[in-house]
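To start, the structure under review is shown below, and the notes come after it.
Numbered from 1 within each chain, the chains take letters A, B, ... in sequence-line order. These numbers come from the heavy atoms of this one structure, side chains and all, not from hydrogens, waters or symmetry mates.
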Protein chains: 6
Amino acid sequence: MAKLTHFDDSGAAHMVDVSEKPVTSRVAVAKGRVIMNAETRAMIEEGRAKKGDVLAVARLAGIMGAKKTSDLIPLCHPLAISKVSLDLEVTDDGVMIEATVKTTGQTGVEMEALTAVNVAALTVYDMVKAVDKTMQISDVRVVLKDGGKSGRFESE
Amino acid sequence: MAKLTHFDDSGAAHMVDVSEKPVTSRVAVAKGRVIMNAETRAMIEEGRAKKGDVLAVARLAGIMGAKKTSDLIPLCHPLAISKVSLDLEVTDDGVMIEATVKTTGQTGVEMEALTAVNVAALTVYDMVKAVDKTMQISDVRVVLKDGGKSGRFESE
Amino acid sequence: MAKLTHFDDSGAAHMVDVSEKPVTSRVAVAKGRVIMNAETRAMIEEGRAKKGDVLAVARLAGIMGAKKTSDLIPLCHPLAISKVSLDLEVTDDGVMIEATVKTTGQTGVEMEALTAVNVAALTVYDMVKAVDKTMQISDVRVVLKDGGKSGRFESE
Amino acid sequence: MAKLTHFDDSGAAHMVDVSEKPVTSRVAVAKGRVIMNAETRAMIEEGRAKKGDVLAVARLAGIMGAKKTSDLIPLCHPLAISKVSLDLEVTDDGVMIEATVKTTGQTGVEMEALTAVNVAALTVYDMVKAVDKTMQISDVRVVLKDGGKSGRFESE
Amino acid sequence: MAKLTHFDDSGAAHMVDVSEKPVTSRVAVAKGRVIMNAETRAMIEEGRAKKGDVLAVARLAGIMGAKKTSDLIPLCHPLAISKVSLDLEVTDDGVMIEATVKTTGQTGVEMEALTAVNVAALTVYDMVKAVDKTMQISDVRVVLKDGGKSGRFESE
Amino acid sequence: MAKLTHFDDSGAAHMVDVSEKPVTSRVAVAKGRVIMNAETRAMIEEGRAKKGDVLAVARLAGIMGAKKTSDLIPLCHPLAISKVSLDLEVTDDGVMIEATVKTTGQTGVEMEALTAVNVAALTVYDMVKAVDKTMQISDVRVVLKDGGKSGRFESE
């Protein structure tokens, strides 16, 4: 059975030593969605058309959230992110969120991309929770990761 | 159509004025799960039995994450949390996470509970991502909210 | 000559003891502006009309900045802010920023309002700095403070 | 008309991709002042001579503030700052603040220098606000920027 | 044998529920010291007399550190601190540090006082480490705690 | 007499310019202990054997604390840490803590290692303070430092 690298032989959690890993260009893309009812989706679309843009607020929160990843996740290495972008759109059953993060460093950025999606999703939730108490954040996953030793990973 | 309270009449985002709301005891419970394959679940169970407890690390990350909620979500009010607990267990299809948060204050704590679940889920993901690249964080939702003006909300 | 309350008799800086002060409703309003040339102002207006809203990004940054006040200013007390709003508009010579902050607590919120204005101003600066290197942040000041022992202060 | 790089073609805010930019030595100097009345200036000078050094506290706050720049300004890249210094002095009409920041990286440090000046100015304000309610933070600007693709910029 | 309150019956760590505890005035005093050789102590005293005040920098760091306590210590409740002061002096064998913290709340502030002492001690260490590599931070302890259910505790 | 590098000629504190220093691999190890009575030590051992692992919680807090070093210590440079591990064990008179930190950068990591030890020690203290009010954090020191210009330092 494979071994979890975040624990040493005695089972103690540690931040893995990456000091010998090469510095390479890395990218990761994560996706997720906030499932909500039709009326709530309509309110968000309405806001975009006029004023009160829920998706713009969530996009910024996601960008800022990506920068806090190593502060939130105990064993994550701090990283100098070189790009973050988020795409949010209203779909058939809610809001779709996609985040792209890049760095030039010794570890990958999938946790940063996932954190961006999660924080953006929480922010969407926060802004419309008064009108919809049954929303769900779902299907948060990595859809692309490239640039490290383990090679390219792609999914949908 | 209802109005989104996080935007004023001109559409500008703001932190809602809660200064006139009464200080009451409030509680919220949120749930979610990290879906993973059977081998990954077995590794986590294995770790619990021996050493290297993924769930214990994620639990702590969730507790600390709850305290960062107003730092992550732009329009959230800062709150003095009076209790946070997380329950994590390995289930049929992954890890189930449940967070309970309490406060005595002017706004509810469902965002704190949801943030705790999300940060714990990201932490589980981080620790086992080397062995499973297809995990998903799903079904993050509020299952109980009580103590404010809008009354008790319960769901499953 | 009056005495600076942030230093004790020996000259050592300290966080003033407010534990005996009454808990009251407090409000503060601060203002400031980012002075820029006509072309830069036009770009910001253009963005508002179409897409790419500099002022919306700066507004959010100001709200989040207000929540970090006690983290930035060494001798500031941490405070549970109950409301923050920012008003930004393009004027004759740049962007005018006004922030309103409320709390129910033992100290005033003028530092939170000033911090909101400053962080919003820095954010405007950041987003248009590529096209205008001679901008200035100016006239950041308190225009209203009310609710504490020292009574109402109003200015323009 | 030039384009604002912090927005993509659809108008969505993003953190600009700097991963292809060369790593170079960069420096920026920013300046600003806190305008105050004569009595307040005298108190600050008095404090320096004896004990209770407002300028020393503000200097430290500015250095620590520079390190928080990417946490405060949504679209700023995190940077490993290699030097920060602040010079503060009492002048004819208040306190003059100058900050110098250096890095070896892919983006400039003018936002870090401006943030240092602003946080130092807010800290001066905080410490003397009890005796002077009409202070203003003004003329915060970049006076030197060097080391990037856009060449040397100097101003006064 | 007594039970550790930070763990529930199944051994899971949690943030203890204090929502039913009364809000009372609380105070704590902690002490500690940085042990160093005679030459290093002389340099710090020299600095005080002239310029370059190590103790003033450490004092500020301690005050700011107290405000970060609940961010550093996983199971600590966030608290609205109403006063922090630090006393530092050069003694026979190094630097003595004493911190006093007050709050009006549902939990005590001894962790805030201890954190203030520790962060001040680390800051002293940082500033003189180039000339003395054998310093030790020692005897960090609570010397006074009052205001909660468990009554007054005093020690030396 | 040697000079303190954290102050300039006029005595003003600054963050030292390291921009000309070479980027090298660096490591530091720090040690310390929390002294406590026999009953408290027994409770911690008991918890390890069963459930409620004080040392595991403190280990994580220390790892996360190391990442906050430049946020806590005013004149510390921000650093991209590439490894952190902590070893904690119950000894004759309390809990021994040892932290190892690595980076590839322009400054050493002894402050990060010391911060990790201190935050872990504070966390141990927090979790058992209800049963032992006379604990002390002591003998926090650097035992190994290597990789910079000043060469290898080793101690016990």
Please check: side-chain N/O of [X] versus main-chain N/O of [Y], any donor-acceptor pairing under 3.5 Å?
{"X": "B:D132", "Y": "B:N37", "result": "yes"}
{"X": "B:T115", "Y": "B:G65", "result": "no"}
{"X": "A:T24", "Y": "A:G148", "result": "no"}
{"X": "B:E110", "Y": "B:A28", "result": "no"}
{"X": "A:S138", "Y": "B:D139", "result": "yes"}
{"X": "A:H14", "Y": "A:T5", "result": "yes"}

Of the options A:Q136, A:R41, A:R33, which is the one that meets A:D93 in a side-chain hydrogen bond (donor to acceptor under 3.5 Å, both in side chains)? A:R33
Toward chain A, the part of [X] with a non-hydrogen atom under 4.5 Å:
{"X": "B:V142", "value": "both"}
{"X": "B:K133", "value": "both"}
{"X": "B:T123", "value": "both"}

Output the option from [options] having the highest count of non-hydrogen pairs under 4.5 Å with chain B.
{"options": "A:I35, A:L122, A:V16", "answer": "A:L122"}
{"options": "A:V117, A:D8, A:L114", "answer": "A:L114"}
{"options": "A:K145, A:M127, A:M64", "answer": "A:M127"}

If one checks every heavy atom of A:M135 against chain B at 4.5 Å, the contacting part turns out to be backbone
Going by heavy atoms in the side chains, are A:L144 and A:T100 under 4.5 Å from each other? no
Over 12 foreign heavy atoms within 6.0 Å of CD, B:E154: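 Enclosed.
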At under 4.5 Å between heavy atoms, what parts of residues 71-89 of chain B are in contact with chain A? List them by residue number.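 Expected list: B:D71, B:L72, B:I73, B:P74, B:L75, B:C76.
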Can you tell me which of B:L60, B:T69, B:V128, B:I137 forms the most heavy-atom pairs within a distance under 4.5 Å of chain A?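 Highest number of heavy-atom pairs under 4.5 Å: B:I137.
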The single option from B:R59, B:K31, B:R141 that satisfies salt bridge (Lys or Arg N to Asp or Glu O under 4.0 Å) with B:E98 is B:K31
